[in-house]
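This chain uses plain numbering: 1 for the first residue, then up along the sequence.
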Amino acid sequence: MNAIILHGRPGKKEYYSDEHPSSSNYHWIPWLQKQLMIRDIKADTPEIPNAYAPDWQTWCTEFERFEVNEGTILVGHSNGGGFLVRWLSENPDIKVKFLGLVAPSFNEGELTDGDFFDFKIDSSIASRVGRIVVFNGMKDSQSVHDSIESIVKEIDGVELREFENLAHFCVDDMESEKFPELLEEILK
C-alpha cells in the first residue's frame with residue numbers, strides 16, 4: 001500500500017517566499033505523511049514546479065513518477081484534488097483504494113493558459129476507486145463549492161464531509177497542522 005498526497009496551487013508570492021514552506025511541506029500535508037508512514041504506509045508528497053501557474057504536462061510528469069495501483073491512496077488539496085479527478089478521468093484503466101479530495105477546485109485563476117481543467121469528469125471513476133471522500137469547508141469560495149457540486153453530480157457514491165467553521169483547509173483557518181478527520185477516513 002502506498003499514498004500520494006498532492007498539494008494545491010499556491011499564489012506566486014507564496015511560492016517564491018522564503019517565509020512559507022514549499023507547498024508539499026505546508027498545511028496538514030507533512031502531518032498526514034508522517035501519520036501514514038508510522039502506520040507503514042509509504043507516503044509521497046510530490047512538489048510541482050511553478051505550481052502557481054499550473055501546466056497540465058508538468059503536473060502529470062511529477063505525479064506519474066510515483067506508482068499508482070489498486071492499493072494506492074490518493075489525496076489532493078484544492079487544485080491538486082482537481083488534478084486527481086482529471087487524471088483519473090483520463091486514465092480509465094487505473095484503480096485505486098481511496099481518493100480523498102480536500103476542497104477540490106477546478107478554478108484555474110488568471111495565471112494559466114486555460115486548459116488545465118478542460119476535461120469531462122468520467123463517472124466511471126466510482127467503479128475504479130474503493131472509496132471517494134470529499135472534504136468541504138462551508139466557508140470556502142463559491143468556485144470550490146461549484147467544483148464539489150460537479151464532482152458529486154457526476155460521480156456516484158461520493159461521501160461528502162462538511163465542516164461548518166472551515167474554509168479552504170489551510171493552516172490559518174484550521175488553526176492546526178493536523179487533520180485527524182482525513183486520517184480517520186483514509187484508515188477506515
Side-chain angles (χ1 to χ4, degrees), residues 2-37 42-68 72-91 94 96 98-119 121 125 133-137 140-148 150-151 166-174 176-179 182 186:
N2 70 312
I4 304 170
I5 308 164
L6 194 56
H7 64 76
R9 180 188 62 164
K12 188 173 183 177
K13 286 183 182 179
E14 179 183 313
Y15 183 85
Y16 285 109
S17 169
D18 61 2
E19 295 184 19
H20 294 285
S22 64
S23 296
S24 65
N25 290 296
Y26 202 19
H27 308 300
W28 43 266
I29 293 173
W31 177 85
L32 180 62
Q33 181 183 34
K34 179 65 175 178
Q35 294 305 307
L36 294 172
M37 290 171 64
K42 179 182 182 297
D44 291 298
T45 58
E47 184 71 36
I48 309 298
N50 301 312
Y52 61 88
D55 172 75
W56 178 251
Q57 197 52 56
T58 300
W59 281 63
C60 286
T61 298
E62 293 304 315
F63 177 75
E64 291 171 353
R65 294 177 194 273
F66 302 93
E67 182 179 357
V68 178
T72 300
I73 297 161
L74 296 177
V75 176
H77 181 226
S78 190
N79 279 162
F83 169 86
L84 291 174
V85 172
R86 178 177 173 183
W87 190 84
L88 286 168
S89 293
E90 294 183 357
N91 290 277
I94 300 290
V96 298
F98 179 86
L99 176 61
L101 303 172
V102 180
S105 177
F106 301 133
N107 179 16
E108 299 182 67
E110 337 176 320
L111 299 174
T112 64
D113 58 12
D115 68 352
F116 195 81
F117 289 121
D118 185 14
F119 78 106
I121 296 173
I125 287 174
V133 181
V134 174
F135 294 82
N136 183 23
D140 210 335
S141 69
Q142 187 59 48
S143 66
V144 170
H145 294 300
D146 293 345
S147 297
I148 291 171
S150 296
I151 292 166
L166 292 180
H168 204 57
F169 296 91
C170 294
V171 70
D172 293 341
D173 66 281
M174 294 178 79
S176 175
E177 294 178 352
K178 297 179 181 180
F179 196 170
L182 174 55
I186 291 170

Point to revise | Heavy-atom check, side chain of Ile148 versus side chain of Leu101, under 4.5 Å | key: no
Review point. Heavy-atom distance under 4.5 Å between the side chains of Ile151 and Phe106, does that happen here?
Key: yes
Review point. Taking the side chain as C-beta and beyond, is there a heavy-atom pair between Thr58 and Pro49 under 4.5 Å?
Key: yes
Check your understanding: Using the benzene-type ring in the case of Trp, are the ring centres of Tyr26 and His20 under 6.0 Å apart?
Key -> yes
Exercise for review: Verify side chain to side chain contact (heavy atoms under 4.5 Å, CB included) between Val68 and Ile4, making sure each step is shown before the conclusion.
Suggested key: CA-CA 8 Å; Val68 178; Ile4 304 170; 3.7 Å; yes
Study note, to complete from the structure: So OG1 of Thr45 and CD1 of Ile29: to nearest 0.5 Å the spacing works out to 7.0 Å
Exercise for review: Show your reasoning for whether side chain to side chain contact (heavy atoms under 4.5 Å, CB included) applies to Ile48 and Leu6.
Suggested key: CA-CA 9 Å; Ile48 309 298; Leu6 194 56; 4.0 Å; yes
Point to revise | Check: His145 side chain, Asp140 main-chain N or O, donor-acceptor pair, under 3.5 Å | key: yes
Exercise for review: Measure the shortest side-chain to side-chain distance between Leu74 and Leu88 over non-hydrogen atoms and say whether it is less than 4.5 angstrom.
Suggested key: yes
Check your understanding: Crowded around Glu177 CD? As in, over 12 foreign heavy atoms under 6.0 Å?
Key -> no
**Study point:** Separation of Ser147 OG from Gln142 CD (nearest 0.5 Å)
**Key:** 10.0 Å
Exercise for review: Not counting sequence neighbours, which residues clear ring-ring contact (aromatic ring centres under 6.0 Å, His included) with Phe135? List them please.
Suggested key: Phe179
Exercise for review: Can you measure from CZ (Arg9) to CG (Asn50) and round to the nearest 0.5 angstrom?
Suggested key: 13.0 Å
Check your understanding: Can you find a pair of side-chain heavy atoms, one from Glu67 and one from Thr72, that are under 4.5 Å apart?
Key -> no
Revision key, fill the gap. Separation between NE2 (His27) and OG (Ser78), nearest 0.5 Å, reads 9.0 Å
**Study point:** Pair His168 + Trp28: ring centers closer than 6.0 Å
**Key:** no
Check your understanding: Can you name the side-chain hydrogen bond (donor to acceptor under 3.5 Å, both in side chains) partners of Gln57, sequence neighbours left out?
Key -> none
Review point. How far does CH2 of Trp59 sit from CH2 of Trp87, to the nearest 0.5 angstrom?
Key: 14.5 Å
Study note, to complete from the structure: Between the CH2 atom in Trp56 and the CZ atom in Phe83, the distance rounded to the nearest 0.5 Å is 4.5 Å
